[in-house]
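Numbered from 1 within each chain, the chains take letters A, B, ... in sequence-line order.
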Protein chains: 2
Amino acid sequence: MAEQPDYYVKSAEKTLAVLLAFDAGHQALTVTQVAEAISVSRAAARRFLLTLVDLGYLETDGNAYRQTPRVLDIGASYLSGLTLPQVARPHLQQLAVELSETTALCVLDDQDILYVERISNPRLHSMNVSIGNRLPAWATSMGRVLVAELPEAAREEFLSKARLTHYTAKTVASIDELRAELDTVRAQGWSLVAQELDEGLRGLAVPVYRGKQLLGALNVSVQPGRIGSASITEEMLPLMRRTAQDIADDFGGRTAARN
Amino acid sequence: MAEQPDYYVKSAEKTLAVLLAFDAGHQALTVTQVAEAISVSRAAARRFLLTLVDLGYLETDGNAYRQTPRVLDIGASYLSGLTLPQVARPHLQQLAVELSETTALCVLDDQDILYVERISNPRLHSMNVSIGNRLPAWATSMGRVLVAELPEAAREEFLSKARLTHYTAKTVASIDELRAELDTVRAQGWSLVAQELDEGLRGLAVPVYRGKQLLGALNVSVQPGRIGSASITEEMLPLMRRTAQDIADDFGGRTAARN
DNA sequence: TACAACTGTACGCAATACGCACAATAGGCC
DNA sequence: GGCCTATTGTGCGTATTGCGTACAGTTGTA
């Protein structure tokens, strides 16, 4: 697909490909399965697998390979730095307490939203997403906020690549319908998505802006028991906007302090 | 250091080394800094950095490089599978509610404990650890449980490599003192560590066993306001042991269902 | 302006990593 | 049990990949 400039290190791509071959549906893989999954020879797959075992990122019973917890190291450095999730956590916690709901922060990565921080209310059993998880952007409140705020060209490119799936009866049906919804979201500055991805689940999201830079989107999952949409936005939006502002200020202040 | 068998793919090691060079203290690195950090030539570091930018794991302003949220992908597959953290989460949530405290699950990785799941109580501002973070095993309640349950030889190897740091006035002072403490922990089946890593922080941990296999350690952070040690263990231990058992049962049942 | 300390880039060379081909092993079926 | 298929481990010659030097461009400071 992509061009391969002369500085390109193919082995780096393969290394990551091997690690990513172990996705949610494929916990344990054999040499042959990995070779097929990432389109390399069996010998090559084996070399990479054995190397990653040596490095401690994979383990094997002699036949199948699986990831070890050490793979978490790679993302942990991102989470622990003075990055957005780290800065946002206390604010998301405060908001989670004030609203007694689950709060989350996402960024846009290609066609997906990527959870970078999430404070779940242990009292509720909410959706089983954790940090690093992806959801299709078009079907989520955070995704719609993030796409709506994109420049026109990028937004249209997103729409052209979007693959709408009919999750529930309320899921948006067409690209045109989605485009109209995005216009509304951009105009009002927030998005409420009700039961489009999952029955009985409503998400309310606002953008997190630092000046003109869009840092991410902030979300509150609204439990089914809660009152109607009108009062939800009335009640929650001001607090969410204040939280978004707090995160942005804090992020700018702290990162500016570093050189 | 380590031998390099003839199947070894050096580039795989370098790829991971580059990604890990961006640790908590080094958010943004230049080509030269990376080259120094992982002991490769500047040209090599540049090739890997540019490749990782192409792959979307790093971004650059033309000078410094930093990680993108996409690095979370690598660990996300581990977290989402039918692995320990995924299975443990609902049980940790329930326990967090019952005790109104923060709960966590760790595994041992070398000399460190590695957080694989954590349910923080938003009402408390507890220590700022997140999934994938490491803490020195010898100084934590979970670490002591995990090391105590190790076979004799492995336990002694751990002790021989341990580097004790004097965190607080209450920190254990010598290897012999630590060895005695581990004996106690093994005998009683739990560990309470009070203010050894951080003032005002107490952790209580029990092992999570599935049959004879040690899956990990379960922890409750005890807030300072709580009553004395005796009643803490009396009150909390039964619930923690029940949770550990639930996790183990659930883990075995679900993973056995897969082939 | 000159210097220092960075950067980006090209290119010849060596070693790395490739993938074929064969051997060995494991499982399924009559 | 014995045959067959499918999958795995491994050695080896070779092409390619990735190496690092060397040079040129860029930025910032004295």
Side-chain angles (χ1 to χ4, degrees), chain A residues 1-22 25-68 256-259, chain B residues 1-22 25-68 256-259:
Chain A
M1 308 280 170
E3 290 297 299
Q4 285 172 12
D6 48 357
Y7 56 71
Y8 206 77
V9 182
K10 291 193 178 173
S11 307
E13 180 176 5
K14 277 185 216 163
T15 306
L16 274 316
V18 169
L19 284 173
L20 290 175
F22 298 85
H26 305 90
Q27 295 302 300
L29 295 172
T30 64
V31 173
T32 310
Q33 286 174 316
V34 171
E36 278 177 12
I38 65 174
S39 303
V40 300
S41 74
R42 210 166 45 79
R46 184 170 175 273
R47 276 190 291 269
F48 278 91
L49 286 169
L50 289 172
T51 303
L52 289 169
V53 169
D54 268 28
L55 293 173
Y57 294 97
L58 298 177
E59 61 187 2
T60 177
D61 56 4
N63 187 22
Y65 294 78
R66 52 185 70 235
Q67 292 182 319
T68 68
R258 310 205 114 217
N259 72 328
Chain B
M1 309 279 170
E3 289 297 298
Q4 285 173 13
D6 47 358
Y7 56 71
Y8 207 77
V9 182
K10 291 193 179 172
S11 307
E13 180 176 4
K14 278 185 216 162
T15 306
L16 274 315
V18 169
L19 284 172
L20 290 174
F22 297 84
H26 304 90
Q27 295 301 300
L29 295 172
T30 64
V31 175
T32 309
Q33 287 173 316
V34 172
E36 279 178 13
I38 64 174
S39 304
V40 300
S41 75
R42 209 167 46 79
R46 183 170 174 271
R47 276 191 291 270
F48 278 90
L49 286 168
L50 289 173
T51 303
L52 289 168
V53 169
D54 267 28
L55 293 173
Y57 295 97
L58 298 178
E59 61 187 3
T60 176
D61 54 5
N63 187 21
Y65 294 78
R66 51 185 71 234
Q67 292 182 320
T68 69
R258 311 206 111 215
N259 74 330

Using the closest heavy atom to pick a nucleotide of DNA chain D for each, name whichever of A:A12 or A:A43 lands nearer the 5' end. A:A43
For [N], does either OP1 or OP2 sit under 4.0 Å from a side-chain N or O belonging to [X]?
X	N	value
B:S11	D:dT17	no
A:K14	C:dC18	yes
B:T32	C:dA5	no
B:T30	C:dT7	yes
A:R46	D:dG9	yes

Within this structure, what is the [atom1]-[atom2] distance for the pair [X] and [Y], rounded to the nearest 0.5 Å?
X	Y	atom1	atom2	value
A:T30	A:N63	OG1	CG	6.5 Å
B:Y65	B:L58	OH	CG	8.5 Å
B:T15	A:E13	OG1	CD	10.5 Å
A:Y57	A:Q67	OH	CD	11.5 Å

Nucleotide [N], atom [atom2] - distance to [atom1] of [X] in whole Å:
X	N	atom1	atom2	result
B:K10	D:dT17	NZ	C1'	14 Å
A:Y8	D:dT17	OH	P	13 Å
A:E13	D:dT16	CD	P	18 Å
A:D61	D:dG9	CG	P	11 Å
A:L29	D:dT7	CG	P	14 Å
A:I38	C:dG19	CD1	P	11 Å
B:R47	C:dT7	CZ	P	16 Å
B:R42	C:dT9	CZ	P	11 Å

Nearest-nucleotide wise, let me know which of B:Y65 and A:A44 is further upstream toward the 5' end of DNA chain C. B:Y65
Is the shortest heavy-atom distance from the side chain of B:H26 to the side chain of B:Q33 under 4.5 Å? no
